[in-house]
Each structure stands twice: as C-alpha cells, then as structure tokens.
2 protein chains.
Amino acid sequence: MPAASIRARARAEMINEIKAIARRHLAAEGANLSLRAVARDMGMVSSAIYRYFPSRDELLTALIVDGYHALGDAVEAGDAEVTDRADLRGRWLAVCHAVRRWALTQPAEYALLFGSPVPGYAAPQETTVAAARTPAALSRILVDGLAAGILTDPGPAELPGPVHADLAAVRDHLFAGVPEALLARGAAGWIHCFGAVSFELFGQLNGVIEAREEFFDHQMRRMVDLIGLP
Amino acid sequence: MPAASIRARARAEMINEIKAIARRHLAAEGANLSLRAVARDMGMVSSAIYRYFPSRDELLTALIVDGYHALGDAVEAGDAEVTDRADLRGRWLAVCHAVRRWALTQPAEYALLFGSPVPGYAAPQETTVAAARTPAALSRILVDGLAAGILTDPGPAELPGPVHADLAAVRDHLFAGVPEALLARGAAGWIHCFGAVSFELFGQLNGVIEAREEFFDHQMRRMVDLIGLP
DNA sequence: CACTTTCGAGAGCAGTGCTCTTGACGGCGC
DNA sequence: GCGCCGTCAAGAGCACTGCTCTCGAAAGTG
C-alpha cells in the first residue's frame, strides 16, 4: 500500500508540475501551448510528457477545468467579502469585479475559458460543471434576495415562450429556486460582465477607453439597475 | 502603362485568390492558418506566397481588415432595411441581428475579429478605422434620434468623471454629435450585443439555451430599454 | 535585342505534435 | 534474495509549421 501510494504521489506531483509549467507558458505565450517547450522546462524529453497526459488536448482540458475552478474560487471569495449579505447590489458588483480582476491577472487562462475555441478542440462534458460555478454564484445572490423578500418574481410576461422553456429546463439542475424571468435578467448581467471583460482584454477598448476600471464599474452598475437589484 | 497595369492586375488577382483560399481555410480549420496549406491549394510552393505577403501576420491583418469591412457592410445593410428611419428601436435591433447573422455565417472570421487575440500578433493601427464601422453605425442611430428630437441628452450626471473624459476625447473623431452619457449607453448596447454573440458562438450557451435567436432578441430588447430608445 | 524586374521552385533551418522502440530502474510476489 | 513486470525516460522518426536564401526562367522595359 505505501509503496503504491509513493508511486501515485510522485505521479501526482509530476502532473501538478507539468500543469504549473504549462500555465506559465500559457501566460507568456498565449494559447498555442507547446508540449516540447514544457518538457524542456522540466528537463525531460517531449515524449515523456505523454506518460502523464495522453495528448495536448487532455492537458488543455485539465488546465481549463483548473481555470474554471480558480475563477469560481475568486468569485466566491469576492462575494463572501461583502459582509452585508442583504446588499444584493454590492454582492453582484463584487462578483463582477472579481471576475474582471481574475481575468486581468490571468489573461491567457481567461482567453482559454471564454475566448475563441481552440480549433480542433472540443471541450468535454466534464468542463461544464466547473464552468457553471460563476453563474451559480450569481444566481445565489438572486436566491438570497428572493428568500429575504428583497426581490420578487417579475413574472413570465416579459419572456418569449421558447426562452421561458429553455430557462425552466435548466433552472432545476443548475439554478434551483430562481424564477425564469429573473434568471433571464441574471443571464443579461452575466453576459454583460463577460462582454465588458472580454472587450477590455481582447483589445476592443484600446485607444477608446483608458479609465478601464471606472468604465467597467459604471457598466456593471447600469446593469444591476436593469436586473432590478435595489 | 498598360503593361505595368497588366502585372499589377495579375498581382491583385493573386492577392485576392490567396485571401479567398485563406478565408476558406479559416472557416474550415479555425485561427491557426497555415501558409503552406494555402500554397498547396493554390498549386504553389510555400515560399511563393511570400512574394505577396511578407509574413503570415500580414495576411492575417489583411483578412482582419476585410472582415471588419464585411461586417460593416452587413451592419449598414441591416440598418438600411428599416424604412422608418425614425424607428430607432427597430434600427438598433436590426443592427444587432445583422451582427449576429454575420457572425453565425462567418464564425471563424468573427473569432478572428473579436475572439482571443492571436498570441504573437498585435493588430496594427490600420485595423482600427475598419473596426470602428459597426460602433459608428450604432452611434448614427443615436445621432439621428437626437436630430429628430426623439432622444435627449441624459446629462453627464450619470457618468463618473474619468469615463466622461475618455468618451469626450473619443467622441469628436469617431462619434461626432453624441453626448457622452448617451455614448456610454450606446457602448453598453454594443458590449451586450458583442457579449451575447460571443457567448453563443464560443459555446457558453451549449446545453443551456436552445432558442438562440429568441434569446438574443430578448436580450437586445431589454438593452434598448436600458439605452432609452423609445 | 539587351537589360531589369518579377516570380516560382527548391533546399534548408528551427520548430511543432505525436508514435514507436529501446533500455533502465524499482517495487512486488515467490 | 532473486526474478519478474510495470513504469518511466530517452531517442529516432514522421509529417507538419513559418520563414530565408539562392537560382533559373519568364515577362516587361529601354
């Protein structure tokens, strides 16, 4: 038993070191991650990496899942810092800013998660549960608001039928307790947050907006108004 | 003179053919465009491409500029289809849907323009004027609304100082005639349009929303409310 | 006709992901 | 305690990439 676990432990450390170096390369060079360069940095030959990851895509998947969890951690930490749990507005803004801060410190990883998909690469199912953590954190704010009586269901009147059906289907196993119409508003907020961060990170704001943080904050504040957070 | 122009014409046709084949490859394989593959498809040797484009990046730049113009054309055509020029809401929605439609038919080109930046590649200055065409089309709707007295300046009160300054600086040479506060609202609309299209195209909606067009339309409609288009 | 410019072909460099084979080391059962 | 066997790193090799350089042929210019 201890013998096997010694091997298993060495293997796990190897995998972590590979991922760590790969993340460094990702940050330095962007999405076209080179297995050979990672191997060089580890003092190994490229083929040795294949003992630990069956392909470059599997390495990417591991990095993506890690990335979603890192973002989820950052987002949940940002939310938790707001001591007044009834301050829905403050919590929402805290989450948005946490997303942006994380994206700015890990631009390559953010691009890996939310940027153009890698051509030959299809994200496997296992990434979706990790990907849902941030939207889940946002929906928790809405749930708390409903439970505390601060928010009320806007009613399905403002939703087109098919959208209502989609949201109803997804609500039960991802965002339990949020009425569809409110969920649609939340989606708008999440989309706007993602859009603003991507705009900034992907260079669309270059030469236009210099006060990035103030601009982002203003955009998010206008959005919480639209969502209806008091 | 005709001799020189024969050569020049042949050269221009060569360049166009290279770009056309490159676009086909882009659509098929995604962002990692291979010069050698393009050369193969043209029945040439890879080094011959360098007679027409000094590097792969220059080819990418040409494709990007072309892409921005194609999107600009689609957007302007979408706007022009709305016969009632005073129907600001209808025009705004038409432009947003034109962006989405173009993105869905040219996903790889959209990703090239608005997705994660290509690692070693920095977009040269010349791309920005082409890139400004779509925001410019949106701002024209606001300008028309102001001129017709349908819209009024919401006033700078809702804008933080630094953002106001940035928008004032950029307004004069890009979006002449739009007050800063209205410009910020327009930016929100553009960001939301971009965010929603990217969300859909980059796979973040997979398994969540199936009624894509209705969802997009609903998102944009909520946004025109926020902008204040009647 | 002679001269110059333009162009395509080919070889070559340094790099890539990935496969397969080879040899060594270490933990396990007998 | 010894042999076995699984795990691992190394190396060669395949097909590919962007890019440079040289060379010969063709085309346009005086």
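Chain naming here is simple, since letters A, B, ... match the order of the sequence lines and numbering starts at 1 in each.
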Length of the CD1-P vector between B/Ile49 and D/dT20, whole Å
14 Å
Rounded to whole Å, please give me the gap between CE in B/Met44 and P in C/dT6.
16 Å
NA contact type, B/Leu59, heavy-atom cut-off 4.0 Å: base, sugar-phosphate, or nothing?
nothing
Should the pair A/Arg140-A/Asp79 be classified as a salt bridge under the 4.0 Å nitrogen-to-oxygen rule?
no
Not counting sequence neighbours, which residues clear ring pair (Phe, Tyr, Trp, His ring centres under 6.0 Å) with A/His97? List them please.
A/Phe216
Spacing between B/Arg11 atom CZ and C/dT6 atom C1', to the nearest angstrom:
9 Å
Atom-pair distance (OH on A/Tyr52; P on D/dA10), nearest Å
10 Å
Send over the distance from B/Glu58 CD to D/dG18 P, rounded to a whole Å.
15 Å
Could you please spell out the steps behind the side-chain contact (heavy atoms from CB on, under 4.5 Å) verdict for A/Glu200 and A/Ile209?
CA-CA 9 Å; A/Glu200 177 174 352; A/Ile209 304 289; over 6 Å; no
Nearest-neighbour nucleotide for the B/Ser34 side chain, C/dG8, D/dG18, C/dA9 considered
D/dG18
Please list all pairs passing the ring pair (Phe, Tyr, Trp, His ring centres under 6.0 Å) test where one or both residues lie in residues 26-77 of chain A, with sequence neighbours left out.
A/Tyr68-A/Phe114
Is there a side-chain contact between A/Arg40 and the phosphate of C/dT16, meaning an N or O under 4.0 Å from OP1 or OP2?
yes
Please list each protein N or O that sits under 3.5 Å from an N or O in nucleotides 18-22 of chain C, with the distance.
residue: C/dC18; atom: OP2; partner: A/Tyr50; partner atom: OH; Å: 3.0
residue: C/dC18; atom: OP2; partner: A/Arg56; partner atom: N; Å: 2.9
residue: C/dC18; atom: O5'; partner: A/Tyr50; partner atom: OH; Å: 3.3
residue: C/dC18; atom: N4; partner: A/Arg36; partner atom: NH1; Å: 3.4

Taken in chain and number order and not counting sequence neighbours, the residues that satisfy side-chain hydrogen bond (donor to acceptor under 3.5 Å, both in side chains) with A/Thr61 are A/Tyr121
Can you tell me the distance, in whole Å, between the CD atom of A/Glu13 and the C1' atom of D/dT7?
17 Å
Contacts of A/Arg51 that satisfy side-chain hydrogen bond (donor to acceptor under 3.5 Å, both in side chains) - sequence neighbours left out:
none
Would you mind classifying the nucleic acid contact of B/Met14 as base, sugar-phosphate or nothing, using non-hydrogen atoms under 4.0 angstrom?
sugar-phosphate
Whole angstrom is fine here: how far is it from CZ in B/Phe53 over to C1' in D/dC19?
16 Å
For A/His25 and C/dT16, what is the distance between atoms NE2 and C1' respectively, to the nearest whole Å?
13 Å
How would you list, by chain and number, every residue that makes a side-chain hydrogen bond (donor to acceptor under 3.5 Å, both in side chains) with B/Glu109, sequence neighbours excluded?
none
